[in-house]
Number of protein chains: 2
Amino acid sequence: METTGFARHDHGACIRDGVTAVAEHCRAEGLQFTPVRRRVLELLLEGHRALGAYDILDRLREEGLGSQPPVAYRALDFLVKNGFAHKIERLNAFVACACPGESHMPAFLICRKCDKVAEAEADMREGKLAQSAAEAGFHIERAVVEAEGLCPNCSGAAA
Amino acid sequence: METTGFARHDHGACIRDGVTAVAEHCRAEGLQFTPVRRRVLELLLEGHRALGAYDILDRLREEGLGSQPPVAYRALDFLVKNGFAHKIERLNAFVACACPGESHMPAFLICRKCDKVAEAEADMREGKLAQSAAEAGFHIERAVVEAEGLCPNCSGAAA
DNA sequence: TCGATCTTGTGATAATGTAACAGAGGGCGG
DNA sequence: CCGCCCTCTGTTACATTATCACAAGATCGA
Ligand SMILES: [Zn+2]
Ligand SMILES: [Zn+2]
Ligand SMILES: [Zn+2]
Ligand SMILES: [Zn+2]
């Protein structure tokens, strides 16, 4: 149950660890962790915030790593397909995965004030919804769970 | 716990009841249930499926009710804002609400084969996710819950 | 009737996402 | 070394989804 992102933590290590974990997974599975893909992952890890594809593309362009939409989308597709990042449907934006490589059903807590995003575990195949889905004969395979509200920092300040 | 849409039911009544329920709510609250808004609601009720804004716009155009995107988006905004319809973020599409007017936290079961959508209740303010969110100090206000899988009809056929 | 307010018509444009194809590069059997 | 296959990249063009801005019409109560 990862809910870092709101809590204070060593964020430098957070980025380094995220990148090296993905690098190792790629090595282990024969995936190519190319410069563009690495850089996009770093950008996603940078702020525990969701970034739009075009935000990322702007950064890549500044750094000479690519200038056309497909460059950003391809890197993001790679990261999402391999479980190193997730798409936040509500925001049309992307975040780095908190536990890369492990297959899971992620849920997200999105602060509407500071836009930070934390990842949590929410297996929708159990719980009340799953139960009534099962009663209706519906078989849940995947689920998008995106909760919006106020993070601890902002709910204090906004009071 | 509404999971109609997959079950066989009197769909003619389903549409009529949906429209009249919304009409009454509008009357009670002084909202204008204009022809475009009514027609968009009918279209959404038609198939228990999510329709894109441009699908709706095409239908409106055929019927002479409007031809430019804002026409469709404004009607949809009205319906969503007043709880008569919901947006399915995963599909960038819209469905009629199953219990119009009542304030609720809807969840959706989306069949990946036949594209039908059923609405269920899933108050994310209780349950495991809410609990760990609370532990992290996060206050959930709204939630997008969209489960994808196979509906009873399709899971039999697809086996 | 008058004005305030909500609704609609319409053209333009922004934001997000894909298709298609040519070229660069690296491993690998010949 | 060469040519083949494969993945990744560069680029053009395009498709889809959504919003802005402003004028005109409809509604409703004072
Ligand atoms: Zn961090
Ligand atoms: Zn916050
Ligand atoms: Zn029905
Ligand atoms: Zn189905």
Side-chain angles (χ1 to χ4, degrees), chain A residues 22-23 25-41 43-44 49-82 84-95 115 144 146, chain B residues 22-23 25-41 43-44 49-82 84-95 115 144 146:
Chain A
V22 169
H25 265 280
C26 286
R27 194 145 28 82
E29 297 170 35
L31 301 169
Q32 296 181 237
F33 195 41
T34 65
V36 185
R37 292 170 178 176
R38 167 185 295 261
R39 189 67 190 121
V40 170
L41 178 64
L43 291 172
L44 291 181
R49 277 180 178 77
L51 289 180
Y54 281 74
D55 296 333
I56 294 195
L57 181 56
D58 288 344
R59 299 287 303 268
L60 293 179
R61 198 169 359 230
E62 288 168 12
E63 300 171 14
L65 280 170
S67 62
Q68 304 302 322
V71 174
Y73 279 103
R74 284 195 287 234
L76 288 167
D77 285 349
F78 169 85
L79 294 173
V80 169
K81 181 148 52 95
N82 296 106
F84 305 142
H86 303 291
K87 178 168 188 181
I88 308 292
E89 299 287 348
R90 216 188 124 58
L91 305 176
N92 295 320
F94 300 82
V95 285
D115 282 332
V144 170
E146 298 169 0
Chain B
V22 168
H25 265 279
C26 287
R27 194 146 29 83
E29 298 170 35
L31 301 168
Q32 296 182 235
F33 195 41
T34 66
V36 185
R37 293 170 177 178
R38 168 185 294 263
R39 188 66 190 120
V40 170
L41 178 65
L43 291 171
L44 291 180
R49 277 180 178 77
L51 289 179
Y54 281 76
D55 297 331
I56 294 193
L57 182 57
D58 288 344
R59 299 287 303 270
L60 293 179
R61 195 163 9 222
E62 287 169 12
E63 300 171 13
L65 281 170
S67 62
Q68 304 299 324
V71 174
Y73 280 101
R74 285 195 285 233
L76 288 167
D77 285 349
F78 170 85
L79 294 173
V80 169
K81 181 149 50 96
N82 295 106
F84 304 141
H86 303 290
K87 178 169 188 182
I88 309 291
E89 299 287 347
R90 214 189 127 60
L91 305 175
N92 294 320
F94 301 81
V95 285
D115 282 333
V144 170
E146 298 170 359

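Just so we're clear, the structure is a prediction, and the values are computed from it rather than from any experiment. Per chain, numbering begins at 1; letters A, B, ... match sequence-line order. Computed over heavy atoms, backbone and side chain alike; hydrogens, waters and symmetry mates excluded.
Non-hydrogen atoms lying under 4.0 Å from DNA chain C are contributed by A/Y54, all within residues 49-59 of chain A. Residues from residues 87-94 of chain B lying near DNA chain D, meaning a heavy-atom separation below 4.0 Å, are B/K87, B/N92 in numerical order.
Across all their heavy atoms, A/F84 and A/L41 have their closest contact at O-CD1, 4.0 Å. Nearest heavy atoms, B/A50 versus B/V95: CA-CG1, 3.5 Å. Counting all heavy atoms, side chain and backbone alike, B/F33 lies closest to B/R38 at CZ-CA, 3.6 Å. When all heavy atoms of A/G52 and A/A93 are compared, the pair lying nearest together is N-CB, 3.9 Å. Annotation for A/A72 and A/A53: closest pair CB-O, 3.8 Å, computed over non-hydrogen atoms.
Along DNA chain D, read 5' to 3', the first and last nucleotides having any atom under 4.0 Å from a heavy atom of chain A are D/dT7 to D/dT12.
Evaluation of the side chain to side chain donor-acceptor pair (under 3.5 Å) rule for A/R37 yields no partner, not counting sequence neighbours. Not counting sequence neighbours, the partners of B/R61 by the side chain to side chain contact (heavy atoms under 4.5 Å, CB included) test are B/L57, B/D58, B/S67. Shown here are the side chain to side chain contact (heavy atoms under 4.5 Å, CB included) partners of A/Q68, two or more places apart in sequence or in another chain: A/P70. With sequence neighbours left out, B/E63 forms a side chain to side chain donor-acceptor pair (under 3.5 Å) with B/R39. Residues passing the side chain to side chain contact (heavy atoms under 4.5 Å, CB included) test with A/A85 are A/L44, A/L79, A/V80, sequence neighbours excluded. Residues forming a side chain to side chain contact (heavy atoms under 4.5 Å, CB included) with A/R49 (at least two apart in sequence, or on another chain): A/C114, A/D115, A/K116.
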Where do N or O atoms of nucleotides 9-11 of chain C meet protein N or O atoms at under 3.5 Å, pair by pair?
unit_1 : atom_1 : unit_2 : atom_2 : d
C/dG9  : N7     : B/R74  : NH2    : 2.6
C/dG9  : O6     : B/R74  : NH1    : 3.2

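Note on residues 73-82 of chain A: no pairs pass side-chain hydrogen bond (donor to acceptor under 3.5 Å, both in side chains), not counting sequence neighbours.
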**Contact state string [nucleotides 2-7 of chain C, B base, S sugar-phosphate only, - no protein heavy atom under 4.0 Å]** = ----SS
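Looking at heavy atoms from C-beta onward, A/V40 lies out of side-chain contact with A/F78 at the 4.5 angstrom threshold.
The closest donor-acceptor contact from the side chain of B/E146 to the backbone of B/I88 lies at 3.5 Å or more, if one exists at all.
Tested against B/I56 for a side chain to side chain contact (heavy atoms under 4.5 Å, CB included), the candidates B/L51, B/V71, B/L65 yield a single pass: B/L51.
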